[in-house]
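Working notes for the structure below.
Lettering of chains follows the sequences in order, A, B, ..., and the numbering in each one begins at 1.
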2 protein chains.
Amino acid sequence: MKNNNNSLKIDGIDKKILRYLMEDARKPILEIARNIGISGAAIHQRLRKLESSGLLAGSKFIINPRVLGYTTMAYIGIFLDKAMSNPRAVKELEKIPEVLECHYTTGNWSILIKVLCRDNEHLMQVLNKKIQQIEGVSRTETFISLNQQIDRQIQI
Amino acid sequence: MKNNNNSLKIDGIDKKILRYLMEDARKPILEIARNIGISGAAIHQRLRKLESSGLLAGSKFIINPRVLGYTTMAYIGIFLDKAMSNPRAVKELEKIPEVLECHYTTGNWSILIKVLCRDNEHLMQVLNKKIQQIEGVSRTETFISLNQQIDRQIQI
DNA sequence: GTTGAAATCACACTATA
DNA sequence: TATAGTGTGATTTCAAC
């Protein structure tokens, strides 16, 4: 089940099943079965195997934040004082709903986060009144995403 | 249906439905109905409304790339020559499967991308043999994500 | 270990009020 | 928003390869 790189081995049929479901998690399993020419029960068993291997990490409905008026996405690089530990900062960032991602990175900054705001004014408020109020945050650098042109998962 | 900010108005029941489905896209609608105390048909109608409004942008199976041996995530800031147009660069980046996101950003770089690789060596190959081979790419700055500590959608 | 057919149960979806 | 009704899919079992 594992090859010498300690990564899971999946065959062509697994890949086909996953490609369908990664596009549309609610696609009926029997429809997939018909498309790739095996029985529904076979797909069930493969999915259970993939789930127990940990490869399948669940399914999500994707919502379009623009429709709710959230149009400004930005990345923010954060410099932390040496005294401030990363876990404590992350704990504070978690409380800010506009923060969607948080990465502990090599390079310039201590932390790189992705935020989603309604507009530039909202972004400014998040920066000034929330992020820079966190103890230990010394400086930030903001990069507004004018346009996200690629957004996808790993290709299999 | 729209308020004065031109954003969609959704009520508490819509939010509850969405919260269930954003966690698990395959959760049975009747189960949600039982949990929040309304009929399945009512949920159907609300989902149709939300879908036609464009808020629901589909559903996805989420896979865990670690299980496939992909453990190195990085952000790469790309400087483009003035001669190189952004759309042409994006077109080339789309061909690189390791590129998961691509943002046209304000600030230092022309483009900020997110890549997912098996390990540091793989990342180096993607950088040297793929990204820096693109015509018009003058320089790059790489930030490896040692640990992604937050990953979520917009909170509703 | 993997597959497919059959059978049961539960759900999706529509019409109607 | 709920009820009723029909069609369809999910899931298990079991036999066969």
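- Looking at A/Ser59 and B/Asp24, their side chains do bring a donor and an acceptor atom within 3.5 Å of each other.
- The CD1 atom of A/Ile150 sits 15.0 Å away from atom OH of B/Tyr104, with the distance rounded to the nearest 0.5 Å.
- The CD1 atom of A/Ile43 sits 15 Å away from the P atom of C/dT2 (whole-angstrom rounding).
- Across the protein-nucleic acid pair, B/Asp11 atom CG and D/dT1 atom C1' stand 13 Å apart, rounded to whole Å.
- Side-chain N or O atoms of A/Gln153 include one that pairs as donor or acceptor with a backbone N or O of B/Phe61 at under 3.5 Å.
- For the side-chain contact (heavy atoms from CB on, under 4.5 Å) criterion with A/Ile111, the lone passing option out of A/Ile131, A/Leu93, A/Thr105, A/Ile76 is A/Leu93.
- A rotation axis mapping the C1' atoms of four pairs onto the next four is fitted at both ends of the helix from C/dG1-D/dC17 to C/dA17-D/dT1 over five pairs, and the angle between these axes is 30° to 10 degrees.
- Listed in residue order, the members of residues 18-31 of chain A having a heavy atom less than 4.0 Å from DNA chain D are A/Pro28, A/Ile29, A/Leu30.
- Of the options B/Leu123, B/Leu146, B/Val126, a side-chain contact (heavy atoms from CB on, under 4.5 Å) to B/Thr72 is made by B/Leu123 and by none of the others.
- Closest to the side chain of A/Ser39, out of C/dT2, C/dA15, C/dG4, is C/dG4.
- When the side-chain nitrogen and oxygen atoms of B/His44 are compared with OP1 and OP2 of C/dA12, none of them lie within a distance under 4.0 Å.
- With distances taken from any side-chain atom of A/Ala41 to the nucleotides C/dG4, C/dT3, D/dA2, the minimum falls on C/dG4.
- Taking atom CG of residue A/Leu47 and atom P of nucleotide D/dG9, one finds them 16 Å apart after rounding to whole Å.
- If you look at B/Tyr75 and A/Tyr75, their ring centroids are closer than 6.0 Å.
- Nucleotide C/dT2 holds its C1' atom 17 Å from the CD1 atom of A/Ile10, rounded to whole Å.
- For the pair A/Ile32 CD1 and C/dG4 P, the computed distance is 15 Å after rounding to whole Å.
- Without hydrogens or angle criteria, B/Gln133 side chain to B/Glu135 main chain gives no donor-acceptor distance under 3.5 Å.
- With hydrogens and angles left out, the side-chain atoms of A/Asn86 and B/Gln149 include a donor and acceptor closer than 3.5 Å.
- The nearest whole Å value for the distance from the CZ atom in A/Arg46 to the C1' atom in C/dG4 is 13 Å.
- What separates CD of A/Gln45 from P of D/dT11 is a distance of 13 Å, to the nearest Å.
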- Task: Any chance you could lay out the side-chain contact (heavy atoms from CB on, under 4.5 Å) test for B/Ile78 and B/Ser110, step after step, and finish with the verdict?
- Result: CA-CA 6 Å; B/Ile78 299 179; B/Ser110 310; 5.8 Å; no
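- Closest-nucleotide positions on DNA chain C for A/Ile38 and B/Arg48 were compared, and the one nearer the 5' end corresponds to A/Ile38.
- Mapping B/Ile13 and A/Gly40 onto DNA chain D via the closest heavy atom, the residue that lands nearer the 5' end is B/Ile13.
- Nucleotide D/dA10 holds its P atom 13 Å from the CD1 atom of A/Ile17, rounded to whole Å.
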